[in-house]
2 protein chains.
Amino acid sequence: MAATSRTPSFTAPEAQPPMGLRERKKLKTRVAIRQATYRLIQEQGYEATTIEQIAEAAEVSPSTVFRYFATKEDIVLTDEYDPIMEAVLRSRPLDEPPLESLRLMMREALTSFATAEDEELRQRTRLMVEVPAIRSRMTETMSDTAKVLSQVLADRTGRSADDLRIRVFIAAVLGALREVALYWGEHGQEGDLITMIDEALTALEGGLRL
Amino acid sequence: MAATSRTPSFTAPEAQPPMGLRERKKLKTRVAIRQATYRLIQEQGYEATTIEQIAEAAEVSPSTVFRYFATKEDIVLTDEYDPIMEAVLRSRPLDEPPLESLRLMMREALTSFATAEDEELRQRTRLMVEVPAIRSRMTETMSDTAKVLSQVLADRTGRSADDLRIRVFIAAVLGALREVALYWGEHGQEGDLITMIDEALTALEGGLRL
DNA sequence: AAGTCAAGTGACAGTAACTCTCAAAAGATT
DNA sequence: AATCTTTTGAGAGTTACTGTCACTTGACTT
């Protein structure tokens with residue numbers, strides 16, 4: 001959401017055409033639905049919150065909610081990380097080791113997001129820990145991210161994005177990162193997430209010797 | 001299923017008490033439901049197959065289906081891998097590098113399963129590729145496996161099973177393995193799965209340098 | 001400014017996965 | 001054979017999600 005308006009440093013500096021009334025309304029509805037959802041979940045929990053309640057709170061019909069978000073989980077999960085991560089990763093020098101580039105990428109993406117939308121990040125992590133459906137959907141989402149990142153690494157190494165080595169590489173890294181996030185969430189979100197990620201990546205780099 | 005009856009070499013050799021009629025019937029129902037499900041899915045696809053149809057084909061009521069399996073996905077996914085993997089892993093010498101132990105474990109689990117229930121393995125991999133709900137649930141299932149394996153590694157290294165390093169280790173490995181399976185499934189299940197897993201683990205061992 | 005077109009919305013009906021409850025049936029136990 | 005316990009099926013209910021259709025409301029044309 002807000003990320004979209006905060007990304008000029010990453011996205012190509014194309015001046016967006018000045019949204020018509022229609023698109024402005026659409027965005028407002030989208031935001032309204034998301035905010036209503038977060039509020040209701042905060043108050044009564046995820047499962048207890050129905051689409052009907054969300055629709056009512058956002059002052060739209062249930063049909064409309066489904067028009068904006070494919071599933072209930074998506075209302076919570078939809079984000080704009082991928083383009084940011086892709087841009088950062090592409091901006092790294094070609095001779096930098098891939099793992100190092102990914103480390104920087106994560107650092108960059110997280111710091112910008114964590115300072116701007118800290119509460120949302122925490123809320124989401126909480127849900128990821130507590131609600132299986134959310135966690136599940138998030139994992140699926142990660143495989144989209146994996147595709148994007150694989151493509152970038154493929155471009156940079158001159159291989160196919162479908163190359164097994166690349167896919168395994170990305171899968172291992174994202175699997176590890178997911179686990180760090182889970183751990184952080186399970187332990188009351190204490191400690192510095194970025195440092196923990198750093199350590200995880202260092203472990204991967206060292207060949208996972210335990 | 002059949003795995004249960006094929007595990008004396010791994011599980012402690014406790015002579016099981018000779019199942020009464022009740023338990024035998026339960027097992028039969030379980031098997032009937034699973035077989036009916038696999039058959040119907042084969043014929044009409046996963047989404048098109050309803051619980052009602054499954055119930056009818058297995059000659060039980062829908063209620064009963066839900067009593068045996070929590071979700072539709074579970075009918076397909078339920079397996080007995082975990083105890084086998086745990087047993088193999090525990091049987092490895094303590095001074096063996098963990099990654100090596102895991103490699104052996106996978107090799108062992110897969111060869112025994114792939115020869116005994118080859119068709120089921122392939123069918124399941126197919127579903128994992130084609131049906132998001134199945135893939136999703138399978139990933140969740142993997143996190144149970146992760147807990148088991150983490151516990152074993154914890155015991156072997158004298159750390160807590162909740163140790164971040166252990167969790168990251170396992171997550172990275174399982175993430176990589178999942179990707180290999182997916183790749184294998186997406187490419188028509190050609191090539192030797194075990195070799196591919198071996199290579200993935202070697203990549204991890206070498207520090208993911210691409 | 002009016003008229004046309006396309007996009008967005010709500011009402012409604014329907015499906016299917018699950019949940020809960022309760023009474024009947026069937027196995028286990030004495 | 002009588003009793004106790006587990007398992008089952010029937011039925012009613014909830015909720016996420018799909019599809020259709022008529023209505024409204026911005027956008028564009030002349």
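No experiment lies behind these values; they were computed from the predicted model shown. Computed from heavy atoms alone, side chains included, the values below leave out hydrogens, waters and symmetry copies. Chain letters run A, B, ... following the sequence lines, proteins first and then strands; every chain starts at 1.
- Looking at heavy-atom distances under 4.0 Å, A:Phe69 makes no contact with the nucleic acid at all.
- Checked for salt-bridge contact, B:Glu108 and B:Arg92 miss the test: no charged N lies under 4.0 Å from a carboxylate O.
- Both B:Lys25 and B:Glu52 lie close to DNA chain C; mapped to their nearest nucleotides by heavy-atom distance, the more 5′-ward contact belongs to B:Glu52.
- Taking 4.0 Å as the cut-off between side-chain N and carboxylate O, B:Glu117 and B:Arg124 do not count as a salt-bridged pair.
- Here the side chain of B:Leu21 is nearest to one of D:dG26, C:dG10, C:dG27, namely C:dG27.
- The distance from atom NZ of B:Lys72 to atom C1' of C:dT15 is 12 Å, rounded to the nearest whole Å.
- Between A:Arg103 and the options A:Ile194, A:Leu204, A:Asp198, a side chain to side chain contact (heavy atoms under 4.5 Å, CB included) holds for only A:Asp198.
- Closest to the A:Arg22 side chain, of the nucleotides D:dC17, C:dA7, D:dT8, is C:dA7.
- The NZ-C1' distance, from A:Lys28 to C:dG8, rounds to 15 Å in whole Å.
- In this structure, B:Gln189 places its CD atom where more than 12 heavy-atom neighbours from other residues, nucleotides or ligands lie under 6.0 Å away.
- Among the nucleotides D:dG11, D:dT8, D:dA16, the one closest to any side-chain atom of A:Phe66 is D:dA16.
- Of the candidate nucleotides D:dA27, D:dC17, C:dG8, C:dG8 has the atom nearest to the side chain of A:Lys26.
- Comment: B:Arg126 does not engage B:Glu130 in a salt bridge, judged by the lack of any side-chain N to carboxylate O separation of less than 4.0 angstrom.
- Counting non-hydrogen atoms under 4.0 angstrom, B:Ser63 reaches a base of the nucleic acid.
- Rounded to whole Å, atom P of D:dG19 lies 12 Å from atom CD of B:Glu47.
- Residue side chain A:Arg67 reaches the base of C:dG10 through a donor-acceptor N/O pair under 3.5 Å, judged by distance alone.
- A straight line from CG of A:Asp74 to P of D:dT18 spans 11 Å, rounded to a whole angstrom.
- If B:Glu59 and A:Ala70 are placed on DNA chain D by their nearest nucleotide, the residue sitting closer to the 5' end is B:Glu59.
- The CZ atom of B:Arg24 sits 8 Å away from the P atom of C:dA28 (whole-angstrom rounding).
- Between the P atom of D:dA16 and the OH atom of A:Tyr68 lies a distance of 20 Å, rounded to the nearest Å.
- The nearest whole Å value for the distance from the CD1 atom in B:Ile75 to the C1' atom in C:dA17 is 11 Å.
- C:dC18 atom C1' lies 12 Å from atom CZ of B:Arg137, rounded to whole Å.
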